[in-house]
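Single-structure report; data block below.
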Amino acid sequence: LWNKEHFSKRIGFWKQIMMIVIGATISLVITILGGKLLENRQRAKDRRLSALMVMGNIEDFTQGISQIVSRQMRCDSLCTWLSSVSVEELELLPDTVLNNYVLDALSLSFIVFDKTAESIFSNNIETWKNMGNFQFINNVGDCFSRMHGIEEYWNGMVKENEELTNQIVQHAEQYIGTSTGAKLIRETSIRKIMQQKHNWVCWLRYQIAYLQYVNKQNMSVIGISEQELKDFMKSYHQEIVIDEPLPDDNDFYILQLLPEHLNTLDFLKNQLDSIKTITLPNP
C-alpha cells in the first residue's frame with residue numbers, strides 16, 4: 001500500500017513538472033512567434049514606407065521637370081517666331097518690347113534634385129536588406145543615376161547659356177544692334193540656342209516619360225497603387241500650420257549693444273589709450 005501511494009505521489013509530482021514545462025514551452029513559443037509576427041509586420045511597414053519615399057522622390061523630380069517643360073514650350077514658340085523674322089524687322093519693335101521677348105525666349109530654369117530620399121535609401125544597408133527585391137533596387141538605382149545625369153547636363157547647359165547671355169547684356173556696347181534684344185539675336189551663338197530649344201524640350205519630355213515608366217514598374221513590383229502614392233505625396237507635402245507667425249529674418253538683424261558687454265572692452269581701450277599717450281606727440 002505504501003509503495004502504491006508513494007508511486008502515485010511521484011507520478012503526480014512528475015505530471016505537475018511536465019505540465020509546467022509544457023506550459024512554459026508553449027508560452028515561450030507563443031512569445032517568440034508573436035515577436036516574429038510583430039517584427040515581420042514592422043519590417044513590411046518600413047519596406048513600404050521606404051518604397052513610397054523613393055517613388056515619391058522620383059515623382060517629385062518628374063513633376064519639377066514637367067513645370068520646366070511647360071515654360072520652355074512657350075519659350076520654344078517665341079524662339080521659333082523670333083528666328084523666322086529678320087533682325088531688321090524686329091528692330092522696328094519698341095526696344096523694351098523686343099528686349100522682353102528675347103530675354104523671355106532665352107530664359108532657362110535650373111533643375112533642383114532633392115537627394116534626401118536617395119541618401120536615406122542608398123546609405124542604409126538595412127534598408128537594402130529589408131527591401132528584399134533586386135528588381136526594385138535595380139530600378140531605383142537606374143532612376144537615381146539618370147536623375148543625376150539629367151541634373152548635371154541640364155544645369156551645366158543653363159549656366160553656360162546664362163554666362164553667354166550675360167556677357168552680351170553686360171557689354172552691350174561691344175555688339176551691333178539698336179537694342180539689347182537686337183544685339184542678342186544678331187549673335188550666331190544666341191540664334192543657335194534658339195534653334196536648339198525645341199530639341200531640349202523633346203529631350204526633357206522623354207526623360208519624364210522614362211522615369212514615370214520605371215516608377216510604374218516599381219509600383220507593380222512592390223504592390224503599391226498610383227492612388228496610394230498620390231495620397232502619400234499629398235500628406236508628405238501638406239503644409240503644417242501652427243499658431244505662430246513665421247520668423248522674419250529682419251527681426252534678427254536688430255541687435256542692441258548692451259553697456260555691460262561694452263564694458264568688457266575697457267581693458268583693451270585703456271591699453272590703446274596708454275600706447276597712444278606714449279607714441280603720439282603732445283600737441
With the side chain counted from C-beta on, respond yes when M147 and Q207 share a heavy-atom pair under 4.5 Å apart, and no when they do not. no
No-hydrogen, no-angle side-chain donor-acceptor test under 3.5 Å, R71 and S109: yes
Closest contact, heavy atoms only, A182 versus V87: O-CG1, 4.4 Å
Is any side-chain heavy atom of W200 closer than 4.5 Å to one of L108? yes
Within the structure provided, determine whether L106 and N161 are in side-chain contact (heavy-atom separation under 4.5 Å). no
Any salt bridge between R146 and E151, counting N to O under 4.0 Å? no
In this structure, CG of N218 is separated from CD1 of I137 (nearest 0.5 Å) by 11.0 Å
Is the number of heavy atoms from other residues, nucleotides or ligands within 6.0 Å of CG (L92) greater than 12? yes
If you count the non-hydrogen atoms of other residues, nucleotides and ligands that lie under 6.0 Å from NZ in K216, is the total more than 12? no
Indicate whether any N or O donor in one side chain lies under 3.5 Å from an N or O acceptor in the other, for E89 and S86. yes
Do L184 and I176 share a hydrophobic cluster, counting only Ile, Leu, Val, Met, Phe, Trp and Tyr and linking them when any side-chain heavy atoms are less than 4.5 Å apart? no
Taking all heavy atoms of R191 and all of L82, pick out the closest pair and write down the distance. NH2-O, 4.4 Å
Any luck finding a side-chain donor-acceptor pair between D142 and Y210 under 3.5 Å? yes
Determine whether D114 and F61 satisfy the following criterion, side-chain contact (heavy atoms from CB on, under 4.5 Å), listing intermediate values before the conclusion. CA-CA 8 Å; D114 180 2; F61 185 81; over 6 Å; no
Would you confirm whether the ring centroid of W203 sits within less than 6.0 angstrom of the ring centroid of Y153? yes
What's the spacing between M55 CE and M219 CE if we round to 0.5 Å? 6.0 Å
Do other residues, nucleotides or ligands put more than 12 heavy atoms under 6.0 Å from M73 CE? no
Approximate separation, where rounding is to 0.5 Å, of C79 SG and H198 NE2: 12.0 Å
For S179, does its backbone N or O pair with a side-chain atom of D95 as donor and acceptor, under 3.5 Å? no
Where do I150 and L211 land on the side-chain contact (heavy atoms from CB on, under 4.5 Å) test, with the steps shown first? CA-CA 11 Å; I150 294 169; L211 290 170; 4.2 Å; yes
Just how far is it from atom CG of L52 to atom CG of N57, taken to the nearest 0.5 Å? 12.5 Å
Single-linkage hydrophobic cluster L164~I185, side-chain heavy atoms < 4.5 angstrom: yes
Other residues, nucleotides and ligands only: do more than 12 of their heavy atoms fall within 6.0 Å of CZ on R205? no
Within the supplied structure, the quantity of interest is the number of heavy atoms (other residues, nucleotides, ligands) at a distance under 6.0 Å from E152 CD; does it exceed 12? no
From T178 atom OG1 to L98 atom CG, the distance as rounded to the nearest 0.5 Å: 7.0 Å
Apply side-chain contact (heavy atoms from CB on, under 4.5 Å) to H148 and K115, showing your working. CA-CA 9 Å; H148 276 287; K115 301 175 181 64; 3.3 Å; yes
L78 with L90, same ILVMFWY side-chain cluster at under 4.5 Å: no
Assigning hydrophobic clusters by single linkage (Ile, Leu, Val, Met, Phe, Trp, Tyr; side-chain heavy-atom cutoff under 4.5 Å), is Y101 placed with L103? no
Should I58 and V112 be counted in the same cluster of Ile, Leu, Val, Met, Phe, Trp and Tyr side chains packed under 4.5 Å apart? no
Can you find a pair of side-chain heavy atoms, one from S70 and one from Q67, that are under 4.5 Å apart? no
Nearest atoms (heavy-atom pairs only) where G56 meets L229: N-CD1, 3.8 Å
Could you tell me the separation between the CD1 atom of I193 and the OG1 atom of T165, rounded to the nearest 0.5 Å? 5.5 Å
Looking only at heavy atoms, which two atoms of I224 and A51 are closest? And how far apart? CD1-CB, 4.1 Å
In this structure, are over 12 heavy atoms from other groups packed under 6.0 Å from F113 atom CZ? yes
In the structure I gave you, are the side-chain heavy atoms of F110 and I68 within less than 4.5 Å of one another anywhere? no
Side-chain (K183) to main-chain (Q174) donor-acceptor, under 3.5 angstrom: no
Output yes when a side-chain donor or acceptor of S83 lies under 3.5 Å from a complementary backbone atom of T80, and no otherwise. no
Side chains of N215 and E59, heavy atoms from C-beta outward: is any pair under 4.5 Å? yes
For D104 and R74, what are the C-alpha separation, side-chain angles and deciding distance, and is it a side-chain contact (heavy atoms from CB on, under 4.5 Å)? CA-CA 9 Å; D104 194 12; R74 179 178 180 278; 2.3 Å; yes
Heavy-atom side-chain contact between M233 and Q63 under 4.5 Å: yes
Are Q72 and D76 close enough that some pair of their side-chain heavy atoms sits under 4.5 Å apart? no
